[in-house]
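Notes to accompany the following structure.
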Amino acid sequence: MDISALLTSAGINTTTCIVLFSLYSVLRKQPSLVNVYFGQKLAQVRSKHHDNFRFDRLVPSASWIVKAWEASEDELCAVGGLDAVVFLRAVVFSIRVLTVASIICLFLVLPLNYFGKEMEHKEIPKEPLNVFTIGNVEEGSKWLWAHCLALYVISFCACLLLYFEYKHITKMRVAHISESLAYPSHFTVIVRAIPWVEEDSYSDTVTKFFTSFYAPSYLSHQMVYRSGTVQKLMTDAQKMYRMVKTTRMDQHCASTLMRCGFCGGPANSFKILSDEPESSRGRICFDGSDLRKKECGAALVFFRTRYAALVASEALQSPNPMHWVTDLAPEPHDIFWSNLSVPYRLLWIRRIAVIVASILFVIFFLLPVVFTQSLVHLDKLKKIFPFLKHIAQRKFVEQLITGYLPSVIFMLFLYIVPPIMMVFSTLEGAISRSGRKLSTCVKVTYFIIWNLFFAIILTEAALDHYQISILNLGDPRNIPNLLAKAIPTTVMFSSYGISIAHATFFITYVLTSGWASLSCELIQPFALICNLFYRFILRNKDYSTYGTYTFPYHTEVPRVLLFGLLGFTCSVLAPLILPFLLVYFFLAYLVYRNQILNVYVTEYGSGGLYWPLVHNTTIFSLVLMQIIALGVFGLKKSPVASGFTVPMIICTLLFHEYCRKRFHPVFKKKPAKIIIEMDREDEHCGRTEEIHLKLQSAYCQVNTSKALNVQKTVEHIDSESESDCTENRNVGSLEDVENITPGKRAIQLPVSWVGHSHFEELHVK
């Protein structure tokens, strides 16, 4: 593949992105799609939209780019929480590092690679891509010092930026903890593995234990019940009620000629039942005996102070570590109730099963890896399958099969990875939804880095050098040299004996999975289809029942980290990939800011716990880049460059250890000093008793009163929303929704209890 073919493929993807971006700028102006592209802002208000048609809504514009660029970090934090800020800081960090790498590698390393051998060069558009890699540099060349210098500059800038980012985000996390004055999770501890006493219930056992050992600080407790089915039925009943009661109407629906989307019957073929709850019939209640039968060995224990809850969560409660296991509780809307009822003694078995299932899944995923690599070697496939000779006679078809098709097929296979990893994280027993998503993010990151980087490279080496056995591939002594030989050819068009046609895999993956994924992220195809289904099949015009979505950190964080890994490892060896990665990160910065501000609703957050994953993966990418460069310098017979690379690896590892000791503990535990100061401030302001009273109703696993009084709750929400709309501004048009101030919710909670709302579940899916 030559430069002209590469520019052609880049032009096709650029045109596709421009078309989809323009389509998005038109779709977001349509009032019927307001719930798709402004779901986050619709969650802040409750209003009806009656916009008239205007021709300017059919004209593409870049106004959304300007608004996304101008948004401050405080606005993003108010809308998306600390996790959104951390994610965007990771994108900004990648932009800064890759900008430095692009400057030094494109203007210093790339010319040296191009003129590395005495050869007759063609015109630039007709040059093969391998002449732009380190594979074109002669063995023993004195110009390899430039590659070593570039390696030092990139590593130093990356470590320096990592340090300042880690320091800044650590301060933000400390501020996040200190500003959450009345979060109920600060006073609550989850207790699992409660021992069974035959003459007492679980509740009585908890009362006796904590009144005996935590008498001064123990406040009360709440048992966890095996009522997941009942809770699901109540939630479904609430959703169905809101879908049916879309407007305030009479007892009978108005007559209409519109037919039902499913059965074809008239739309007035049902009646709205009486608004008064029939308490005499259908009352859902449990007496004391029923509740005791449904108790499981887990409870929420409330303490009088934050410090007491912190101490109880960190201490070993019993000589038997399998009894009285304590953890700090998540926020009420973050807690994952179904996993709390799982017996604690089964969790270690589940984790072993997840490890085994993950290994089997990795082995299974080698099939698409081998298949995509076989497509790269079309010349070998022609010998095995002669009919392919007639299919790939045209050059365009051959380039399509070897260049685009492997990356597209591999990207399609990767779409099944996050849902499967989410199931694995659920089986592991996560007690919070944010913890489950973080665990999924870690699993997806490791899986993608292995399968998209190491597995492809090692599979490529095995396919090309089939005489090498799997045992030789797995020998640790052979891996550095093997990677050094395989990466320049497999990753970016080198010349160590592997087909140049396959060299386009990673760069086309950046174009398809990177640029194309951002276009799909803007368009929101799944939400768009759901919108059409609700409107034209279910005949539902109430936007509030369509549902909203949280930010998919478990898919986007691994993608950003993977492209950062490709940028680091390819920067010195094959710098031609850097411009494509820079374009991706610049687009990602704008797209993700827009999506956080307008689309995704923040239901819960981890408090910035994604940054340690970003930091660790970046350090891994740096060390991997240095080890691969060490192997390449050895193959190129440059002892000076190899000797200078070893201290750089040691310094990078020492820097990582310093950051792990200096910053990481703040992300694992909460500082006792801050917790004690918050307790003292509560006592000084006199809000301790108010917090204690609200703790009793903060966590609701089965809220029967809410199930019986759904109508009153909905009417209460509607009335408060109307008052908010009147008080702030008229939100009757699409432009008004777009200009809503970030961070304000439809229900304003008291200042002393900003962490919880019983009504939040009703308008955030």
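- In this view, Y584 satisfies the side-chain hydrogen bond (donor to acceptor under 3.5 Å, both in side chains) rule with no residue, not counting sequence neighbours.
- Looking at heavy atoms from C-beta onward, V189 lies out of side-chain contact with L310 at the 4.5 angstrom threshold.
- In terms of modelled atom types and a separation under 3.5 Å, the side chain of D334 and the main chain of S434 share a donor-acceptor contact.
- I674 has its side chain out of reach of K670: every pair of non-hydrogen atoms, C-beta onward, lies at least 4.5 Å apart.
- At least one side-chain heavy atom of I154 sits under 4.5 Å from a side-chain heavy atom of C105.
- With ring centers used as reference points, F87 lies 6.0 Å or more from Y610.
- Y553 and F551 have tilted rings, their planes meeting at an angle from 30° to 60° on a 0 to 90° scale.
- Between the side chain of S439 and the backbone N or O of G435 there is no donor-acceptor pair closer than 3.5 Å.
- Atom-to-atom distance recorded for L161:CG and R89:CZ is 10.0 Å, nearest 0.5 angstrom.
- Residues H615 and H656 place their aromatic rings such that the two centres sit under 6.0 Å apart.
- Judged by distance alone, with hydrogens and angles left aside, the side-chain atoms of H692 form a donor-acceptor pair with the main-chain N or O of R304 at under 3.5 Å.
- For F336, the CZ atom sits in a packed shell: over 12 heavy atoms of surrounding residues, nucleotides or ligands are nearer than 6.0 Å.
- With respect to the salt-bridge test (charged N to carboxylate O, under 4.0 angstrom), the residues E73 and R593 do not qualify.
- Under the side-chain hydrogen bond (donor to acceptor under 3.5 Å, both in side chains) test applied with T550, the options K437, E603, R433 reduce to a single match, K437.
- Judged by distance alone, the side chain of S425 and the main-chain N or O of M422 form no donor-acceptor pair under 3.5 Å.
- Ion pairing of E657 with R660 is present here, as a side-chain N (NZ or NE/NH1/NH2) and a carboxylate O approach within less than 4.0 Å.
- In terms of modelled atom types and a separation under 3.5 Å, the side chain of S318 and the main chain of N320 share a donor-acceptor contact.
- Checked by atom type and distance alone, the side chain of E331 never pairs as donor or acceptor with a backbone atom of Y183 at under 3.5 Å.
- Between H554 and R436, the closest side-chain pair of non-hydrogen atoms is not below 4.5 Å.
- Looking only at distances, a side-chain donor or acceptor of Q317 sits under 3.5 Å from a matching main-chain atom of A312.
- Side chains of F210 and V301 form a contact here, defined as non-hydrogen atoms less than 4.5 Å apart.
- Under the 6.0 Å cut-off for aromatic ring centres, Y218 and F213 do not qualify, their centroids lying 6.0 Å or more apart.
- In summary, the aromatic rings of Y166 and F667 are positioned with their centroids under 6.0 Å apart.
- Scanning both residues, A193 and V325, for their nearest heavy atoms gives CB-CG2, 4.1 Å.
- Formation of a donor-acceptor pair under 3.5 Å by the Y592 side chain with backbone atoms of A84 is not found in this model.
- The line from CG of L518 to CG of L590 is 10.0 Å long, rounded to the nearest 0.5 Å.
- Between I449 and T617 the shortest heavy-atom distance is CD1-CG2, 3.8 Å.
- Residues L597 and K67 come closest through the heavy atom pair CD1-O, 4.3 Å.
- Using a 4.5 Å heavy-atom threshold, the side chains of N339 and L347 count as separate.
- More than 12 heavy atoms of other residues, nucleotides or ligands shown are found within 6.0 angstrom of OH on Y589.
- Interatomic distance, SG of C659 versus CG of L162, reported as 7.0 Å (0.5 Å rounding).
- Rounded to the nearest 0.5 angstrom, L82 CG and L609 CG are separated by 8.5 Å.
- The minimum heavy-atom distance linking C441 with T445 is given by the pair O-OG1, 2.7 Å.
- Checked for salt-bridge contact, R192 and D327 meet the test: a charged N lies under 4.0 Å from a carboxylate O.
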Item to check | L98/L578 under side chain to side chain contact (heavy atoms under 4.5 Å, CB included): CA gap, chis, key distance, verdict | outcome: CA-CA 7 Å; L98 291 181; L578 293 176; 4.0 Å; yes
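- With T645 contributing its side chain and L630 its backbone, the two residues share no donor-acceptor pair below 3.5 Å.
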Next on the checklist: Quick one, L622 with C159, criterion side chain to side chain contact (heavy atoms under 4.5 Å, CB included). Give me CA distance, side-chain angles, the key distance, then yes/no.
Outcome noted: CA-CA 9 Å; L622 280 173; C159 291; 4.1 Å; yes
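- Ring pair F361/F447 is parallel by interplanar angle, where below 30° counts as parallel and above 60° as perpendicular.
- Side-chain contact between L573 and M625: absent, with no pair of heavy atoms (C-beta onward) separated by less than 4.5 Å.
- A salt bridge links R559 with E556: at least one charged nitrogen is closer than 4.0 Å to a carboxylate oxygen.
- Taking each heavy atom of R351 and E428 in turn, the nearest pair found is NE-O, 3.4 Å.
- Under a cut-off of 6.0 angstrom, the local environment of CZ in F644 is sparse, with at most 12 non-hydrogen atoms contributed by other residues, nucleotides or ligands.
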Next on the checklist: Go through it in stages, so that I can follow the logic: the residues are V632 and V572, the test is side chain to side chain contact (heavy atoms under 4.5 Å, CB included), and I'd like the CA-CA distance, side-chain angles, deciding distance and then a yes or no.
Outcome noted: CA-CA 11 Å; V632 171; V572 175; over 6 Å; no
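- I448 and P558 make their closest contact through CD1-CB, 4.2 Å (heavy atoms, listed as atom of the first residue, atom of the second, distance).
- Residue-environment remark: OH (Y307) stays at or below the threshold of 12 foreign heavy atoms within 6.0 Å.
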Next on the checklist: Let's go through T305 and D682 carefully: what are the C-alpha distance in whole Å and the side-chain angles of both, what is the deciding distance for side chain to side chain contact (heavy atoms under 4.5 Å, CB included) to 0.1 Å, and is it a yes or a no?
Outcome noted: CA-CA 9 Å; T305 62; D682 287 343; over 6 Å; no
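- Using modelled atom types, one side-chain atom of D83 and one backbone atom of S606 make a donor-acceptor pair closer than 3.5 Å.
- Annotation: the span from L151 atom CG to S571 atom OG amounts to 7.0 Å, rounded to 0.5 Å.
- Between I177 and P671 the shortest side-chain heavy-atom distance falls below 4.5 Å.
- Once rounded to the nearest 0.5 Å, the distance linking CH2 of W611 with OG1 of T618 reads 6.5 Å.
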